[in-house]
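Quick notes on the structure that follows.
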Amino acid sequence: MSGQNDVLILGAGVIGLACALQLLRAGARVTVIEQTAPGAGASHGNCGTITPSHAPPLTAPGAVLRALRSLLHADAPLRISPMPDLARWRWLFGFAQQVRPAAFWRAAQARAALLQRARDLLPQMLEREGIDAGWSEQGLLLVFRDARALAAEQDYVEMLQRLRIDARVLSGAEVEAREPALRPGVAGAIEHTGDAMLRPERLIAGLAARVQALGGVIESGARIEGFDTGDARIATVRTTHGSFRATQVLLALGAWSPLLARRLGLRIPVQPGKGYSMTWDAQPGAPRTPLVLKERSVCVTAWEDGFRLGSTMEFSGWSEGLNPVRLAALRRAAGEYLRHPPQVPAREQWWGWRPMSRDEVPLIGPSTRWRNLWLATGHGMLGVSMAAATAELIAQLLDGHAPTLDAGLYAPARFGL
């Protein structure tokens, strides 16, 4: 890519920074606009697991029924606010349509391809750039205390095997021997040996440092105020730090993407899926392996210097702030599964919006409405897991190279964007 093909990236989360790094490596001059600080959104407080195992989307059989039941329980892992919001209910209606087997399988295949490519690329990128993000290839255990719930996951295991993603069932004795931090009474687990783990905040810091070291500019604290357009192109992006021009503009604002895109006449089918996490300093008896406490849908990660509980999915629009009911559910799950659940106050309590696309496949590629606009958003809970492959795809498309992945699977054109 020649130095004349400048790119302005809107958003300095893990997707925006990974794209910036890849584009800089390809020879582009890059400026990143960020309204707060790099990685301040969903990239910060996630559990840091790298999960090809999460290729199957949420729209599995029974998902709609579970969502409806969640309306009655404020602490359910999947929570939908009953408050009136036309955009949210329109999105949920489209989301429910993805439960159809053909749509579900298409999404699973698209997600699997992106996740597996990113899993291959990420450790290479960390080594090449000298980023110490605490990379660990310990795999992931989906732990069950209910034997019936484990037995019901046989279709899930077979689906992953069809997608060529490692998955095997372990007995309760095997799991307890593998992870002594778990309370006795484990029914079994599904082990994903291809999954990995890192510290997301260290990844973000490393990406930001490398972007700047390679000549990229990160404008932190620059709120986007509007666009100047003409001839189906974005001529100028106006911010609180002044106006910016570039040959190409990449929208990578995560859950904020649909809010900003409205100013360009685009209706991006993304809703914020609010998640929570709680982080403690390192403690004796913490798990050594990344876990999902399956019946409670809570992720557990333990690093040398810390311990985190995270997850839950709350569709409540762009509502801000911590919900104590959701945080209590995380701690309650730890008490059910772990011998030594945290007893002291958390060092950090976090909430963030994940950008959930209607079909659970990210939107990556050019806009059909604006000739110099590109999208990289809608990665849901998998932004860190998908970032390296998203960056590769964006760089290949911008440079006119044949993409490694099937770009049509992720094209914004499928939504008329």
Side-chain angles (χ1 to χ4, degrees), residues 1 6-51 114-115 117-136 196-222 246 248-257 301 303 306 350 352 354-355 362 364 374-396 398:
M1 181 175 291
D6 297 335
V7 182
L8 183 64
I9 298 177
L10 311 183
V14 68
I15 298 297
L17 290 174
C19 289
L21 181 59
Q22 190 76 18
L23 290 165
L24 285 162
R25 284 290 184 188
R29 292 178 297 181
V30 177
T31 294
V32 184
I33 305 296
E34 170 55 45
Q35 63 180 345
T36 52
S43 299
H44 171 76
N46 67 84
C47 284
T49 50
I50 309 302
T51 51
L114 196 64
L115 284 164
R117 180 62 179 165
R119 173 62 177 83
D120 292 339
L121 291 173
L122 183 53
Q124 299 174 26
M125 182 190 73
L126 295 175
E127 182 176 3
R128 181 188 71 227
E129 304 297 338
I131 297 174
D132 179 9
W135 177 261
S136 174
M197 178 182 70
L198 50 65
R199 287 298 299 254
E201 64 274 25
R202 285 164 57 179
L203 172 64
I204 291 294
L207 288 172
R210 292 303 299 151
V211 165
Q212 292 172 314
L214 292 173
V217 175
I218 300 176
E219 286 281 344
S220 297
Q248 308 291 342
V249 178
L250 175 64
L251 179 61
L253 282 169
W256 286 269
S257 297
T301 45
W303 305 288
W350 173 90
R354 294 91 150 231
I364 308 169
W374 300 74
L375 278 69
T377 189
H379 293 78
M381 298 179 287
L382 301 172
V384 173
S385 292
M386 292 178 168
T390 297
E392 178 188 61
L393 181 56
I394 283 291
Q396 289 171 336
L398 272 167

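The residues of the chain are indexed from 1 along the displayed sequence. Every value quoted in this text rests on a predicted model; they were computed, and no experiment measured them.
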Given the rule in the side-chain contact (heavy atoms from CB on, under 4.5 Å) test, do Leu10 and Trp256 qualify, once you have shown the distances and angles that lead to the verdict? CA-CA 10 Å; Leu10 311 183; Trp256 286 269; over 6 Å; no
[X] vs [Y] side-chain heavy atoms within contact, under 4.5 Å:
X: Arg128; Y: Gln124; value: no
X: Trp135; Y: Glu127; value: no
X: Met125; Y: Glu392; value: no
X: Ile364; Y: His379; value: yes
X: His44; Y: Ile204; value: no
X: Pro38; Y: Ser220; value: yes
X: Met386; Y: Leu115; value: yes
X: Ile50; Y: Leu198; value: yes

Gap between atom [atom2] of [Y] and atom [atom1] of [X] - 0.5 Å precision:
X: Cys19; Y: Ile394; atom1: SG; atom2: CD1; result: 5.5 Å
X: Ile9; Y: Leu251; atom1: CD1; atom2: CG; result: 11.0 Å
X: Arg199; Y: Ile131; atom1: CZ; atom2: CD1; result: 15.5 Å

Okay, side chain of [X], backbone of [Y]: is any donor-acceptor separation there less than 3.5 Å?
X: Gln22; Y: Ala391; answer: no
X: Thr377; Y: Gly254; answer: yes
X: Asp120; Y: Arg117; answer: no
X: Ser43; Y: Val384; answer: no

Pair Ile33, Leu8 - check side-chain contact (heavy atoms from CB on, under 4.5 Å), show working. CA-CA 7 Å; Ile33 305 296; Leu8 183 64; 3.6 Å; yes
Contact summary for [X] and [Y], nearest pair of heavy atoms:
X: Ala252; Y: Ile15; value: CB-CG2, 4.3 Å
X: Pro355; Y: Ala255; value: CB-N, 3.5 Å
X: Thr390; Y: Ala376; value: CG2-CB, 4.1 Å
X: Ala387; Y: Val14; value: CB-CG2, 3.8 Å
X: Ala20; Y: Val211; value: CB-CG2, 3.9 Å
X: Pro200; Y: Trp303; value: CD-CZ2, 4.2 Å

After noting the C-alpha distance and the side-chain angles of Leu17 and Ile218, does the key distance pass the side-chain contact (heavy atoms from CB on, under 4.5 Å) rule? CA-CA 9 Å; Leu17 290 174; Ile218 300 176; 3.9 Å; yes
Using the side-chain contact (heavy atoms from CB on, under 4.5 Å) rule, take Leu114 and Leu382 through it: C-alpha gap first, then chi angles, then the decisive distance, then the call. CA-CA 10 Å; Leu114 196 64; Leu382 301 172; over 6 Å; no
